[in-house]
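Only one structure is covered here, and it is reproduced in the block below.
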Amino acid sequence: MTAATLAALPMPRIRPGRIVTWTVLFIGGVLMVTPLLFMFSTSLKTAGQVYDLRLIPEAPTLANYVQVLTEGRFPRWFLNSTLVAVAVTLSNVFFDSLVGYTLAKFRFRGRQFVFIAILSTLMIPTEMLVIPWYLMSANFGWLDTYWGIMFPGMMTAFGTFLMKQFFETVPDDFIEAARIDGLNEFAIWWRVAMPLVTPALSALAIFTFLGNWTAFFWPLIVTTSSELYTLPIGLTSFAVEQAIQWEMIMTGAALATIPTLLVFLVLQRYIVRGVMLAGLKG
């Protein structure tokens, strides 16, 4: 194809509105990513370079990572956060989907009342629930324990609502056919209904994991031993213990951020799909 032929081809039109949208998205992306890049950059700096605002350190070093992983309690805090986030996520996926399936596929007296009662808990701010949670933990001896950290989030109203909306889209014919084949109700839920709501399960698991990985308020109240600190709590205590050594704080924050970035990069399509489909269910 000659240059004259290329010049004769019609040029694609770019609407001004799209240019503005792309520009805004680009600027917004830069504004959101810059603090993250600065955090990783600072984690590669020495104490004398912390206040150098260049994103690329003059002499990058991994000594901060070695010190955090070998000399402090960071590995224990990382393990605590992983244990809590994974356990609460598995509990939510199991119980929320089970309750959502029951509300969607069973007809019994008071079903709507139960559903409304569950949804009404979403209107109560978390701060108002802290005192009842704390009193319950104190009465049952759950203070400063893993169970004390986990029990408020083992089942959520949001997860129940999300799963109910998705289970309502599962055709009743599939369930009736499974009953005719002799499956019990639990087997129908597990083997027939659950595989059909994979996007919702994935979205629920991701949101629950990220929410518990970054949880700060309740773990701060219920734990007193540094051996039970989760990462957000441990990093604040680490900052005080290290006399505000910013390079060490940024190193710990960078290590805490890596799992959430990996979860999002690998499973972001499930997040988008699950949220989009949830908005379409009526």
Under 3.5 Å, side-chain donor or acceptor atoms of residues 152-163 against the rest of the protein: list the pairs with distances, not counting sequence neighbours.
residue, atom, partner, partner atom, Å
Thr156, OG1, Asn92, OD1, 3.1
Thr156, OG1, Asp96, OD2, 3.1
Thr156, OG1, Gly159, N, 3.1
Thr160, OG1, Thr156, O, 3.0

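Summarising the geometry, atom CD belonging to Glu58 is positioned 6.0 Å from atom CD belonging to Gln49; distances are rounded to the nearest 0.5 Å. Atoms OH and CD1, from Tyr134 and Ile221 in turn, are 9.0 Å apart once rounded to the nearest 0.5 Å. Residue Leu231 holds its CG atom at 10.5 Å from OG1 of Thr260, rounded to the nearest 0.5 Å. Residue Ile56 holds its CD1 atom at 11.0 Å from CG of Leu44, rounded to the nearest 0.5 Å. We find the OG1-CG distance between Thr214 and Asn212 to be 8.0 Å, quoted to the nearest 0.5 Å. Taking CH2 of Trp218 as the reference point, atom CG of Leu220 lies at 11.0 Å (rounded to 0.5 Å).
Atom CZ of Phe38 sits in a crowded spot, with more than 12 heavy atoms from other residues, nucleotides or ligands closer than 6.0 Å. Within 6.0 Å of CZ in Arg111 there are more than 12 heavy atoms belonging to other residues, nucleotides or ligands. Atom CD1 of Ile131 is surrounded by 12 or fewer heavy atoms from other residues, nucleotides or ligands within 6.0 Å. A 6.0 Å sphere centred on CZ of Phe26 holds no more than 12 heavy atoms belonging to other residues, nucleotides or ligands.
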Does the side-chain hydrogen bond (donor to acceptor under 3.5 Å, both in side chains) test come out yes or no for Thr224 and Asp144, once each step is laid out? CA-CA 6 Å; Thr224 55; Asp144 206 27; 3.3 Å; yes

Should Asn80 and Tyr146 be marked as a side-chain contact (heavy atoms from CB on, under 4.5 Å) after you check the CA-CA gap, both sets of side-chain angles, and the distance that decides it? CA-CA 8 Å; Asn80 292 340; Tyr146 286 115; 2.6 Å; yes

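Glu247 has its side chain out of reach of Thr46: every pair of non-hydrogen atoms, C-beta onward, lies at least 4.5 Å apart. Lys45 has its side chain within reach of Ser41: a pair of non-hydrogen atoms, C-beta onward, lies under 4.5 Å apart. At a threshold of 4.5 Å between non-hydrogen side-chain atoms, the residues Leu36 and Leu261 count as touching. Looking only at side-chain heavy atoms (C-beta outward), Phe209 and Val88 stay at 4.5 Å or farther from each other. Residues Ile175 and Tyr101 form a side-chain contact, since some pair of their non-hydrogen atoms from C-beta on lies under 4.5 Å apart. A heavy-atom distance below 4.5 Å is found between the side chains of Lys105 and Val170.
Hydrophobic clustering (side-chain heavy atoms under 4.5 Å, transitive across Ile, Leu, Val, Met, Phe, Trp, Tyr) groups Ile118 together with Phe207. A chain of hydrophobic side-chain contacts below 4.5 Å, direct or via other Ile, Leu, Val, Met, Phe, Trp or Tyr residues, connects Phe140 to Phe151. Linking Ile, Leu, Val, Met, Phe, Trp and Tyr residues whenever their side-chain heavy atoms come within less than 4.5 Å places Val84 and Leu228 in a single cluster. Residues Ile206 and Leu90 share a single hydrophobic cluster, defined by chaining ILVMFWY side chains whose heavy atoms lie under 4.5 Å apart. Linking ILVMFWY side-chain heavy atoms closer than 4.5 Å, directly or via other members, places Trp190 and Val197 in a single hydrophobic cluster.
Counting only N and O atoms by type, the side chains of Ser43 and Tyr65 include a donor and acceptor under 3.5 Å apart.
Phe106 has its ring centre no less than 6.0 Å from the ring centre of Trp189. Aromatic rings of Phe78 and Trp213 (six-membered ring for Trp) have centroids within the 6.0 Å cut-off, being under it.
A cation-pi arrangement is present between Lys164 and Phe115 under the rule of less than 6.0 angstrom and at most 45 degrees off the ring axis.
Identified under the salt bridge (charged side-chain N to carboxylate O under 4.0 Å, His left out) test for residues 173-185, with sequence neighbours left out: Glu176-Arg179, Arg179-Glu185. For residues 75-93, the set of pairs meeting the salt bridge (charged side-chain N to carboxylate O under 4.0 Å, His left out) definition, not counting sequence neighbours, comprises Arg76-Glu227.
Ring orientation note: the planes of Trp77 and Phe74 are nearly perpendicular, at an angle over 60° on the 30°/60° scale.
In this structure, Thr236 contributes its side chain and Ile233 its backbone to a donor-acceptor pair below 3.5 Å.
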